[in-house]
Amino acid sequence: IERSIGIEITVYIVLDERKFMYSVLFFNIFISVLMLKICMVSSCGGHFMELLQLIPAVKDLDFYIVTERNVASKDLLKKYKHYCLIQQERRNISFPLKFSYNIVASLFFLLKERPDIIISTGAGASYPTCRLGKWLGRKIIYIESFAKLNKASVTGKMIYPFADQFYVQWREMKKVYPNAIYCGTVY
């Protein structure tokens with residue numbers, strides 16, 4: 001994943017925005033990587049633990065984390081720049097209200113930080129950031145949950161059609177997401 005962030009995404013930025021000649025592309029890739037801002041977004045729990053596994057890939061870049069506020073993530077977030085969403089559960093009666101709040105909060109965080117790339121490990125709370133980010137022209141990298149071995153997640157199904165890069169952690173998941181990239185697990 002580190003190579004994908006450092007090379008594939010940067011190539012998009014260099015080619016799309018700067019239109020440099022091929023001969024100087026690799027020099028500009030290095031320069032562009034140093035200037036990228038990354039939003040890392042996930043819901044709490046296992047999705048957040050997977051997101052934390054990706055921090056070594058972005059530790060030298062300007063990044064921040066967006067996740068749901070909960071007891072388990074409270075101490076871990078003290079180490080990194082972060083923003084919190086309200087914890088939401090689809091089957092809870094308060095879901096529409098909490099989801100609406102998270103949409104507005106996600107838009108606020110995106111407009112404030114203006115990331116170049118959004119990396120997500122799911123689940124539902126990360127969808128507004130990814131969808132709004134795409135509408136704002138940001139590159140979306142989605143990593144399907146480690147727990148998904150042969151069936152798509154709800155969030156994965158929604159983000160797959162517009163993700164710039166979509167990763168699966170199990171080779172079997174290429175049957176579910178044919179255009180996904182498999183490179184092993186984040187653990």
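Note that the numbering runs from 1 along the sequence shown for the chain.
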S.K.: Tell me, yes or no, whether the heavy-atom count around Lys174 atom NZ, taken from other residues, nucleotides or ligands under 6.0 Å, exceeds 12.
M.R.: yes

S.K.: Taking atom CD1 of Ile93 as the centre, report whether more than 12 heavy atoms of other residues, nucleotides or ligands fall under 6.0 Å from it.
M.R.: no

S.K.: Of the non-hydrogen atoms in Leu110 and Gly133, which two are nearest, and what is the gap between them?
M.R.: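 Looking at all heavy atoms of both residues, the shortest contact is CD1-N, 3.6 Å.
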
S.K.: For Lys151 and Val176, run side chain to side chain contact (heavy atoms under 4.5 Å, CB included): C-alpha distance rounded to whole Å, both residues' side-chain angles, the deciding distance at 0.1 Å, then the answer.
M.R.: CA-CA 7 Å; Lys151 183 180 173 193; Val176 178; 5.8 Å; no

S.K.: Quick one: does Ile119's side chain get under 4.5 Å of Val41's, heavy atoms only?
M.R.: no

S.K.: I want to check something: taking the side chain as every heavy atom from C-beta on, are Tyr83 and Cys39 in contact at a cut-off of under 4.5 Å?
M.R.: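 Side-chain contact under 4.5 Å: no.
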
S.K.: Between Ser153 and Tyr142, which heavy-atom pair has the shortest distance, and what is it?
M.R.: OG-OH, 3.8 Å

S.K.: Could you tell me which non-hydrogen atom of Ala125 sits nearest to which non-hydrogen atom of Leu85, and how far apart they are?
M.R.: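 Ala125 and Leu85 have their closest heavy atoms at O-CD1, 3.4 Å.
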
S.K.: Do Glu50 and Tyr187 have side-chain heavy atoms sitting under 4.5 Å apart?
M.R.: yes

S.K.: Looking at Tyr80, is its backbone amide N or carbonyl O close enough to the side chain of His82 to form a donor-acceptor pair, meaning the two atoms are under 3.5 Å apart?
M.R.: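 Yes; at least one donor-acceptor contact below 3.5 Å.
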
S.K.: Once you round to the nearest 0.5 Å, how far does NZ of Lys98 lie from CD of Gln87?
M.R.: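 Nearest 0.5 Å value for the NZ-CD distance: 7.5 Å.
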
S.K.: A quick test of your reading: do over 12 heavy atoms of other residues, nucleotides or ligands sit less than 6.0 Å from CZ of Phe95?
M.R.: yes

S.K.: Please enumerate all residues that pass salt bridge (Lys or Arg N to Asp or Glu O under 4.0 Å) together with Lys134, with sequence neighbours excluded.
M.R.: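 For Lys134, the residues satisfying salt bridge (Lys or Arg N to Asp or Glu O under 4.0 Å) (neighbours in sequence not counted) are Asp164.
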
S.K.: Can you give me the closest heavy-atom contact between Arg90 and Val154, atom names plus distance?
M.R.: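 Minimum heavy-atom separation between Arg90 and Val154: NH2-CG2, 3.7 Å.
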
S.K.: Working to the nearest 0.5 angstrom, can you tell me the gap between Ile38 CD1 and Lys59 NZ?
M.R.: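 If we round to the nearest 0.5 Å, Ile38:CD1 and Lys59:NZ are 13.0 Å apart.
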
S.K.: Just to verify, which of Tyr167, Tyr177, Trp170, Tyr182 counts as forming a side chain to side chain donor-acceptor pair (under 3.5 Å) with Glu144?
M.R.: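 Of Tyr167, Tyr177, Trp170, Tyr182, side chain to side chain donor-acceptor pair (under 3.5 Å) with Glu144 is met by Tyr177 alone.
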
S.K.: Do Ile86 and Phe99 land in one hydrophobic cluster if side-chain heavy atoms of ILVMFWY residues count as linked below 4.5 Å?
M.R.: no

S.K.: Are side-chain heavy atoms of Phe108 and Val104 found at a separation under 4.5 Å?
M.R.: no

S.K.: Could you go through the side chain to side chain contact (heavy atoms under 4.5 Å, CB included) check for Ser106 and Tyr127 one step at a time?
M.R.: CA-CA 9 Å; Ser106 296; Tyr127 180 76; over 6 Å; no

S.K.: What I'd like to find out is whether the side chain of Thr67 reaches to under 4.5 Å of the side chain of Leu51, using heavy atoms alone.
M.R.: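 No, too far: nothing below the 4.5 Å cut-off.
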
S.K.: If I compare all heavy atoms of Lys157 with all of Ala152, which pair ends up nearest, and what's the gap?
M.R.: CG-CB, 3.5 Å

S.K.: Are the side chain of Ser126 and the backbone N or O of Ser42 linked by a donor-acceptor pair below 3.5 Å?
M.R.: no

S.K.: Short question: side chain of Asp116, backbone of Lys37 - any donor-acceptor pair under 3.5 Å?
M.R.: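 Looks like yes, one N/O pair under 3.5 Å.
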
S.K.: Determine whether Phe48 and Thr121 satisfy the following criterion, side chain to side chain contact (heavy atoms under 4.5 Å, CB included), listing intermediate values before the conclusion.
M.R.: CA-CA 7 Å; Phe48 182 65; Thr121 53; over 6 Å; no

S.K.: Starting at CG of Asp62, measure out to CG of Leu36 and round the result to the nearest 0.5 Å.
M.R.: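 Asp62 atom CG to Leu36 atom CG measures 9.5 Å (nearest 0.5 Å).
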
S.K.: Stepwise, does the side chain to side chain contact (heavy atoms under 4.5 Å, CB included) test hold for Cys130 with Ser120?
M.R.: CA-CA 8 Å; Cys130 292; Ser120 179; 3.7 Å; yes

S.K.: Does the Glu68 side chain pair with the main chain of Gln88, one donor and one acceptor, at a distance under 3.5 Å?
M.R.: yes

S.K.: Are any of the side-chain heavy atoms of Cys84 and Leu77 separated by less than 4.5 Å?
M.R.: yes

S.K.: Between Thr155 and Gly124 (side chain of the first, backbone of the second, donor and acceptor by atom type, cut-off under 3.5 Å), is there such a pair?
M.R.: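 It does hold such a pair.
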
S.K.: Hey, what do you get for CD1 (Ile117) to CZ (Arg138), rounding to the nearest 0.5 Å?
M.R.: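 That separation rounds to 11.0 Å.
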
S.K.: Is the count of non-hydrogen atoms from other residues, nucleotides or ligands lying under 6.0 Å from Tyr101 atom OH greater than 12?
M.R.: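 Atom OH in Tyr101 is not packed in, count stays at 12 or less.
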
S.K.: Working to the nearest 0.5 Å, report the span between OH of Tyr64 and CG of Leu61.
M.R.: 13.5 Å

S.K.: If every non-hydrogen atom of Asn70 is compared with every non-hydrogen atom of Gly45, which pair is closest and at what distance?
M.R.: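 The answer is ND2-N, 4.5 Å.
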
S.K.: Side-chain heavy atoms under 4.5 angstrom apart, residues restricted to Ile, Leu, Val, Met, Phe, Trp, Tyr: same cluster for Ile140 and Leu111?
M.R.: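 Same cluster.
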
S.K.: Would you indicate whether the side-chain heavy atoms of Phe109 and Leu107 approach each other to under 4.5 Å?
M.R.: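 No, their side chains stay 4.5 Å or more apart.
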
S.K.: If the threshold is 4.0 Å, N to carboxylate O, is there a salt bridge linking Glu113 and Lys81?
M.R.: yes

S.K.: Please tell me whether Phe162 and Leu132 are part of a single hydrophobic cluster in this structure, the criterion being side-chain heavy atoms less than 4.5 Å apart.
M.R.: yes

S.K.: Indicate, with yes or no, if Ile181 and Phe146 share a hydrophobic cluster defined by side-chain heavy-atom contacts under 4.5 Å among Ile, Leu, Val, Met, Phe, Trp and Tyr.
M.R.: yes

S.K.: Heavy-atom distance under 4.5 Å between the side chains of Ile141 and Ile118, does that happen here?
M.R.: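 Contact flag for Ile141/Ile118 side chains = no.
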
